[in-house]
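Report on the following structure.
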Amino acid sequence: MNHDTLKHLTLLLIHLGLLLLLSPFIHIYIKKIKATLQGRIGPPVLQGYYDLAKYFHKETVVSNQTSWLFSITPFIVFSTTITAGLLIPTFSSKEFIVPLGGVILFIYLFSLGRFFMTAAACEPGSSFCSMASSREIMFATLIEPVILLPLFIFVCLYGTNNIFEIVNQLSNKGITLYTPTYVLSLIAIFIASLAEMCRVPFDNPETHYELTMIHEGMLLEYSGKQLGIMFLSSWLKQLIIISLIANLLFPWYTTPDFTLASISLLGVIYLLKVLVVSTLIAFIETTVAKVRLFRVRDILMASFIMSIIALVISVYKGKGLGI
Amino acid sequence: MVLETLLLKYSFLVFVLGAISAYLICIRSKAISIVASSVFAIIASTLSLISSIFSLTHQHSYILSYHLGFPIGKLELVIDPLSAFFIFIISLLVIPVSIYSIGYLKAEYLEKNIGLLCALYHLFILSMLLVVLSGNGFQFLIFWELMTLISFAFVIFDIKSTESKNAGFIYLLMTHIGSAFLLLTFLIFAKYTGSFSFVSFNEASNLMPASLKAILFLFILLGFGTKAGIVPLHIWLPEAHPAAPSHISALMSGVMIKTGIYGILRFIFDFLSPFPSWWGIFVLLIGITTAVLGIIFASSEVDIKRILAYSSIENIGVILLSIGASMIFYSFDQKILAAAALVAALFHSLNHALFKGLLFTCAGSIISATHTRNIEKLGGLIKLMPKTAFLFLIGSLAICALPLFNGFISEWLTFQSLLRLYELKSDFIKLLGPITASILGFTGAVCAAVFVKTFAGIFVGMPRTHQVNHAKEVSPSMSLGSSLLGIMCFLIGIFPFLLFPLLNTAASFTIGLENINIQSAGNVNNNFVSISPLIIFVIILLSFFFIYIFSKIYGSKLPVRKEETWSCGIAPKAEFEHTPTGFSQPLGVIFSELHTPESFYHNYIYLPIVNGLINLSHKMRPLQSGVLQIYLLYIFLALIFCLVWIKL
């Protein structure tokens, strides 16, 4: 094995380790900030890890109506999510070994996980699970075009499908990067991402009430280890999306040298970027109320129109339209 | 004689022999007739499959002509990479469907006229092969009609039900409107070139004025679009496909509607090029409309075969999207990009044939086991029919264009083509590319919703009626046929590059390029396109095993306990679950504006035309006075008119 491949593999392992280890922390961090803003103390910072350990030590009970599909789903959701995690840069925007795929694969891997999750949620025959599943799949039809269009704008502007490459090109632009097209697209991505991460104003990750639940509702019949894996996957997905936004927002400091100092420095910078975006999410969650189920369309459509405006600006820039 | 033409000839011979022998054997024994018919069909389509692979790898074009005597005259066949590719698709689907049909016909049609069904099956496949091979407009129409009429016979095979009769009537009517436009097109071509031969059609483009070409373009879209099922010409499709036997539905949805795509490609790229860019934009817009509306219609259906028929409409839309992109690139003289977009279209045609074949055969298995097409009445079949459930799941994942399966690869290529429209120097097209691409993402998501609903409705939860309880797993030949299709869907999803040589040849021939490696040629100037399905598969597999082993080692060692689902203290009942209709209700609410019922097309598009025609014929009625002298006057006037016309 030559030296370069070894380097890439090391970076890959650090990348995976960061995603897996950081995701429970970020989930609790958002909760903690929200609690602080609301004048509560909030959970201890390590609560996410305690929770996972608790789920893994509990007995797993499944409904007797379920089949192999229900039991296999947590593993599939986890593996598709972590694979999607390989398609985005975290602390390093260097490609891992070979190009794996771009934005389309990234979004479609989440869809693959969602297909299994929604189908399996209907298995126990509980009305709460199937309702949540039906709502989740309806949301997906709204989220997918809205998150794809702004990503496509980046793809078209930078002539590449690869998210690593997009971030590298963005970082070369320096501070001139914040053009109107860029800002509008990023806002659109951010809004759609909130929905994809199942957060307020689209879904409330804190409740199990049947009127509000969407993502959590699908997990109702899971228990023990399976539930633990499901939670880990959804926290992982949240961190992956936050990392994507963070690296699009601050694309700098993502090309480490292969030294311990450089890698740990960029690791800290990456953590800071993620914390900034997470704090922003916590602020939004405390100031905005969850919208009615069928009003979700209006918010997402607004975000879609924002990205269309971004596209129009990028096409007609400097062509005498006064933009 | 060259090998591939010889193979093709033998394959035709075997199809004819198969038709005759199936009919004759049926007089003695129905069971033997079914097996014999399938064996003949498998041998014949294997021959044509090998022949098509040969002609694609050798990139030969042949023109064959046989003298067949009076009704047909000289039979002209053209084998070139484009027609060879469609032969490849047809033959590839026919093999597993024939295996499937052994068990299916035994289970469902034993008391019906098996001999006729099997004989027509052979003739149907033969007519599809001859349509794509035809090198003469006149014969093309004959084979086209033959294909339509035989499939019409399948649609009305269950003649006792009024549903079949209605479906057959609409099918016949719509396809004949389509054929009328084709006839008109061919006549106009023949007027300019003086011959019906496709070879002479090639020169027609230089002879015609631009306006006439535009009219012909619309005629071609109407004619072939009716067959392909573009919205709003699709109304026959959801009626006719469910009415036919399931293995025939697989062929009709999988390959018969693709002959429409073949016709569009053949006429636009071969006979009418060069063309202006608005043609491409027009096709692109039709494609996106068809894709969106097709899948939205499917979302509220509960009849499994109608869902599949509507999803065929969506997939035709996706294919037209990449054809439209290819036409736009072609008109901007970006031939490599045009070929790349065409690869997406051809690849999706192939993939759709495979996964739609898989889904229709599974649907046939489900209907055969439960005797209902209504998914509201099913549920819980995953335990009774585990193999079919697994295969249906693979088909659903493939049709939703999810990674690891073949649908993803071709839809991914379609996305790439649409996004690269941004590189062209036209503001409108720059806007069009990314927006249509994101709407394609939308259809993918709705498709996932539809197939989660269908899969969950059929297989998951508790049985909603007693019909389900006595369902059994289907016979081995049916499972084998579906499994072959499932394996192909998966293998193409992991190793798509194995098919690229064939696709490249067909696409670059159609565009008129030397055969080059389109994938790498498109990559030279930038690294826009890159994906590694095999590595993705390996990574998913590794992480799957990682978390599986981790969860086995770490934490509680207690075995998994099975308990009844908690339903607030009462015993769980099937009524507690969401029905498929309930499941897709939020989707229906969100997209209620898009959700035009079928009656919309009848009331606002077809009825006005029909009423107009009836009014017109009422106005013409006074001409038919019934008085002999008046008729003689007509003849006299017509004669004078003709004489004057000739003199002028």
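In what follows, every heavy atom counts, from backbone to side chain, and hydrogens, waters and symmetry copies are set aside. Throughout, a chain's letter reflects where its sequence line sits, starting with A, and its residues are numbered from 1.
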Heavy-atom cut-off 4.5 Å, strictly under: side chain, backbone, both or neither for B:Ala401 against chain A?
both
Taking the side chain as C-beta and beyond, is there a heavy-atom pair between B:Leu431 and A:Tyr316 under 4.5 Å?
yes
Most chain B-contacting option - heavy-atom pairs closer than 4.5 Å, from A:Glu144, A:Gln226, A:Gln65
A:Gln65
Is the distance between the ring centroids of B:Phe415 and A:Phe152 less than 6.0 Å?
yes
Of the listed residues (B:Thr565, B:Ile382, B:Leu558), which shares the most heavy-atom pairs with chain A below a 4.5 Å separation?
B:Thr565
Which bit of A:Leu311 comes within less than 4.5 Å of chain B, counting heavy atoms only: side chain, backbone, both or neither?
both
In terms of heavy-atom pairs under 4.5 Å with chain B, which of A:Ile147, A:Thr66, A:Val146, A:Leu151 leads?
A:Thr66
Under 4.5 Å from a heavy atom of chain B, the part of A:Glu123 involved
both
Segment of B:Pro434 engaging chain A (4.5 angstrom heavy-atom cut-off)
both
Report which part of B:Phe455 has an atom under 4.5 Å of a heavy atom belonging to chain A: side chain, backbone, both, or neither.
side chain
Name the region of A:Phe78, side chain, backbone, both or neither, that has any atom closer than 4.5 Å to a heavy atom of chain B.
side chain
Scored by heavy-atom pairs under 4.5 Å with chain B, the best of A:Val296, A:Leu87, A:Thr80, A:Ile76 is A:Ile76
Among B:Ser551, B:Gly457, B:Ser299, residue most engaged with chain A (heavy-atom pairs, under 4.5 Å):
B:Ser551
Residue B:Phe405 versus chain A: region with a heavy atom under 4.5 Å
neither
What part of A:Ile82 is in contact with chain B, defined as an atom under 4.5 angstrom from a non-hydrogen atom: side chain, backbone, both or neither?
side chain
Examine whether an atom of B:Glu411 lies under 4.5 Å from a heavy atom of chain A, and if so say whether it belongs to the side chain, the backbone or both; otherwise answer neither.
side chain
Non-hydrogen side-chain atoms of A:Arg114 and B:Val452 separated by less than 4.5 Å:
no
Identified side chain to side chain contact (heavy atoms under 4.5 Å, CB included) counterpart of A:Met138 within the set B:Leu587, B:Val589, B:Val446:
B:Leu587
Shortest non-hydrogen contact from B:Leu419 to A:Cys156?
O-SG, 3.7 Å
Using side-chain contact (heavy atoms from CB on, under 4.5 Å) as the criterion, list what pairs up with A:Met306, not counting sequence neighbours.
A:Leu184, A:Ile187, A:Ile191
Using the side chain to side chain contact (heavy atoms under 4.5 Å, CB included) rule, pick out the option among A:Val61, A:Val62, A:Asn64 that qualifies with B:Glu563.
A:Val61
Proximity of A:Phe56 and B:Phe550 rings by center, below 6.0 Å:
yes
Measure the acute angle between the ring planes of B:Tyr548 and A:Phe75, then classify it against the limits of 30° and 60° as parallel, tilted or perpendicular.
perpendicular
So which heavy atom on A:Thr141 is nearest to which on B:Phe442, and how close?
O-CD1, 3.2 Å
Between side-chain atoms of residues 533-546 of chain B and protein atoms elsewhere (two or more places apart, or another chain), which donor-acceptor pairs fall under 3.5 Å?
unit_1: B:Ser543; atom_1: OG; unit_2: B:Ile539; atom_2: O; d: 2.8
unit_1: B:Ser543; atom_1: OG; unit_2: B:Ile540; atom_2: O; d: 3.2

Contact class of A:Ala120 relative to chain B, heavy atoms under 4.5 angstrom
neither
With respect to chain A, which residue among B:Glu577, B:Glu564, B:Arg561, B:Lys562 yields the maximal number of heavy-atom pairs within a distance under 4.5 Å?
B:Arg561
Take A:Phe70 and B:Val460 through the test side chain to side chain contact (heavy atoms under 4.5 Å, CB included) and record every step on the way to the result.
CA-CA 10 Å; A:Phe70 188 77; B:Val460 153; over 6 Å; no
For the pair A:Ser134 (side chain) and B:Phe583 (backbone), establish whether a donor and an acceptor sit closer than 3.5 Å, ignoring hydrogens and angles.
yes
Is a side-chain donor or acceptor of A:Lys225 paired with a backbone partner of B:Ser556 at a separation under 3.5 angstrom?
yes
Contacting region of A:Ile308 [heavy-atom separation from chain B under 4.5 Å]:
side chain
Stepwise side chain to side chain contact (heavy atoms under 4.5 Å, CB included) test for B:Ile547 and A:Ser79:
CA-CA 8 Å; B:Ile547 192 73; A:Ser79 44; 5.6 Å; no
Could you tell me which portion of B:Cys400 (side chain, backbone, both or neither) has an atom closer than 4.5 angstrom to a non-hydrogen atom of chain A?
both
Criterion side chain to side chain contact (heavy atoms under 4.5 Å, CB included) on A:Leu142 and B:Phe591, from CA distance to verdict:
CA-CA 10 Å; A:Leu142 292 168; B:Phe591 300 114; 3.9 Å; yes
Among B:Leu418, B:Leu404, B:Ile435, which has the most heavy-atom pairs under 4.5 Å with chain A?
B:Ile435
Between A:Ser126, A:Gly224, A:Ser133, A:Ser223, who has the most heavy-atom pairs with chain B when the cutoff is under 4.5 Å?
A:Ser133
Heavy-atom pairs under 4.5 Å with chain A, option from B:Gly444, B:Pro403, B:Ser396, B:Ala456 with the top count
B:Pro403
Looking only at atom types and distance, does a side-chain atom of B:Lys557 sit under 3.5 Å from a main-chain N or O of A:His57, one as donor and one as acceptor?
no
Could you tell me which portion of A:Phe139 (side chain, backbone, both or neither) has an atom closer than 4.5 angstrom to a non-hydrogen atom of chain B?
neither
Which of the residues B:Phe390, B:Phe408, B:Trp566, B:Phe576 is involved in the greatest number of heavy-atom pairs with chain A at under 4.5 angstrom?
B:Phe408
Non-hydrogen atoms of chain A under 4.5 Å away: do they reach the side chain of B:Tyr422, the backbone, both or neither?
side chain
